[in-house]
Amino acid sequence: LNILTQQEIKTFDVDQTRWLLFIVLGELIYSLDLKNNVPSNAITSNPFFTEITGIAADWINEKIYWTTGGNLMMASYDGTGVYPLHSLRQPIGDVVVHPGLEKIFWIENGLIYSTNLDGNDLATFISSQTGNPEKLHIDYTLERLYWTDSTKNTVEYVNLDGTDRQSYSYSEKPYGLAAFGDRVFWTTPEGLHWTYKDTGVDTKVEPTIPGLRDVKVYWETSFPDFD
């Protein structure tokens, strides 16, 4: 099912509770109503006029977070209240959010950092044995942070309390990443791969999608309420 055809989509995220898709085109962030088939609408632009490298939707607080250059930005779903949580840092890559823990995680200069939703309590979360982390994903069921590393050719994870770091080492240049049910999915130049979370058996799913980069699993119950 092709829901959007658009050149140069840099990255995207979904709010599965509201059927919203957030996409990045250059310096602009768009929202798309998947349920009512409402055309995409530009909600905000990047005030630093640099490429946006990651975006994350906080479905509890209705906020979006994005990374650009050395900046971690925040805004409301309607594009108002644009605010830099952190700025003038090293080049920042992908970003994910855990509303239940009130934490944001992002890639910066080969390391993984965390901060509170308000920008306080900045900390280095993964500081060693990294190559070139590319994409992040939070497994809200198992409370794990996953990432791909295109230099080490690994898909790795660690518990969100920092324990039990593990890796799968068999795919060249892994990039996009998603976890759902008992499986982990990731993209490479060869196509889409998956493995069972606890066995690490690599199975190629779809090797014929040209230019495949990022991947998300859309399922309404995969985003908890954190009541």
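Hydrogens, waters and symmetry mates are skipped; everything else that's a heavy atom, side chains included, is used.
Of all non-hydrogen atoms in Pro133 and Trp147, the two that sit nearest each other are CB-CD1, 4.2 Å. Smallest separation of non-hydrogen atoms from Asp15 and Phe22: CB-CE1, 4.4 Å. Annotation for Leu101 and Leu160: closest pair CD1-CD1, 3.8 Å, computed over non-hydrogen atoms. Residues Tyr140 and Pro99 come closest through the heavy atom pair CE2-CD, 4.4 Å. When all heavy atoms of Thr148 and Gly176 are compared, the closest pair comes out as CG2-O, 4.2 Å. For the pair Val155 and Pro174, the tightest heavy-atom approach, listed with the atom from each and the gap, is CG2-CB, 4.4 Å.
Put simply, the side chain of Val14 does not reach to within 4.5 Å of the side chain of Trp59, judged on heavy atoms. Counting only heavy atoms from C-beta outward, the side chains of Ile29 and Met73 never approach each other to under 4.5 Å. Looking at Tyr113 and Leu72, their side chains never come closer than 4.5 Å, going by heavy atoms from C-beta outward. Residues Leu20 and Tyr77 meet the side-chain proximity criterion, which asks for heavy atoms closer than 4.5 Å. Side-chain contact check for Lys197 versus Asp139: some heavy-atom pair is nearer than 4.5 Å. Between Glu102 and Leu117 there is a side-chain heavy-atom pair separated by less than 4.5 Å. Side-chain contact between Glu108 and Pro91 is absent, with no heavy-atom pair separated by less than 4.5 Å.
The residue from Ile52, Thr11, Val24 that alone fulfils the side-chain contact (heavy atoms from CB on, under 4.5 Å) condition with Trp66 is Ile52. Paired with Trp106 under the rule side-chain contact (heavy atoms from CB on, under 4.5 Å), one option of Ile112, Ile92, Thr53 passes, and it is Ile92.
Taking the side chain to side chain contact (heavy atoms under 4.5 Å, CB included) definition, one finds that Lys173 meets it with Ser150, Asn153, Pro189, sequence neighbours left out. In terms of the ring pair (Phe, Tyr, Trp, His ring centres under 6.0 Å) criterion, residue partners of Trp186 (sequence neighbours excluded) are, by chain and number, Tyr170, His193. With sequence neighbours excluded, the residues that form a side chain to side chain contact (heavy atoms under 4.5 Å, CB included) with Glu27 are Asn46, Phe49. Contacts of Ser128 classified as side chain to side chain contact (heavy atoms under 4.5 Å, CB included), with partners at least two apart in sequence or in another chain: Arg165. Not counting sequence neighbours, Tyr65 has no partner by the ring pair (Phe, Tyr, Trp, His ring centres under 6.0 Å) test. Under the side chain to side chain contact (heavy atoms under 4.5 Å, CB included) criterion, Asp198 pairs with Arg144, sequence neighbours left out. Residues meeting the salt bridge (Lys or Arg N to Asp or Glu O under 4.0 Å) test with Asp58, sequence neighbours left out: none. Lys216 pairs by the salt bridge (Lys or Arg N to Asp or Glu O under 4.0 Å) definition with Asp13, not counting sequence neighbours.
The distance from the CG atom of Leu177 to the CG atom of Leu136 is 8.0 Å, given to the nearest 0.5 Å. Considering OG1 of Thr163 and CD of Glu143, their distance stands at 11.5 Å, rounded to 0.5 Å. In this structure, the separation between OH on Tyr146 and OH on Tyr168 is 4.5 Å, given to the nearest 0.5 Å. Expressed to the nearest 0.5 Å, how far CG of Asp149 lies from CG of Asn132 amounts to 6.5 Å.
Within the structure, salt bridge (Lys or Arg N to Asp or Glu O under 4.0 Å) pairs that include any residue of residues 114-129 comprise Lys103-Asp121 (at least two apart or interchain).
Residues near Leu142 contribute nothing to a hydrophobic cluster around it, because no ILVMFWY side-chain heavy atom sits closer than 4.5 Å to its side chain. Connectivity analysis of hydrophobic side chains (ILVMFWY, heavy atoms under 4.5 Å, direct or indirect) links Tyr175 to nothing; its cluster partners are none.
Distance alone, capped at 3.5 Å, places no donor-acceptor pair between the Tyr157 side chain and the Asp164 backbone. Looking only at distances, a side-chain donor or acceptor of Thr67 sits under 3.5 Å from a matching main-chain atom of Gly93. The backbone N or O of Asp161 lies less than 3.5 Å from no partner atom in the side chain of Asn159, so there is not a single donor-acceptor pair. With hydrogens and angles ignored, the 3.5 Å screen pairs a side-chain donor or acceptor of Thr130 with a backbone N or O of Gly110. Remark: the backbone N or O of Gln129 is paired with a side-chain donor or acceptor of Lys152 at under 3.5 angstrom. At distances below 3.5 Å, not a single donor-acceptor pair connects side-chain atoms of Ser76 with backbone N or O atoms of Asp78.
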Using residues 81-88 as the side-chain source, report each donor-acceptor pair under 3.5 Å to any protein atom, sequence neighbours left out, with the distance given to one decimal.
{"residue": "His86", "atom": "NE2", "partner": "Thr115", "partner atom": "OG1", "Å": "3.4"}
{"residue": "His86", "atom": "NE2", "partner": "Gly119", "partner atom": "O", "Å": "2.9"}

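Hydrophobic cluster membership is shared by Phe185 and Tyr196, with clusters built from Ile, Leu, Val, Met, Phe, Trp and Tyr side chains linked at under 4.5 angstrom. Grouping the Ile, Leu, Val, Met, Phe, Trp and Tyr side chains by contacts below 4.5 angstrom, directly or via other members, places Leu122 with Met74. Using a 4.5 Å cut-off between side-chain heavy atoms of Ile, Leu, Val, Met, Phe, Trp and Tyr, with links allowed through other members, Val97 and Phe105 fall into different hydrophobic clusters. In terms of hydrophobic clustering, with Ile, Leu, Val, Met, Phe, Trp and Tyr side chains grouped at heavy-atom distances under 4.5 Å, Ile104 and Ile55 are assigned to different clusters. Cluster annotation: Val95 and Phe12 are assigned to distinct hydrophobic clusters (Ile/Leu/Val/Met/Phe/Trp/Tyr, side-chain heavy-atom contacts under 4.5 Å, transitive).
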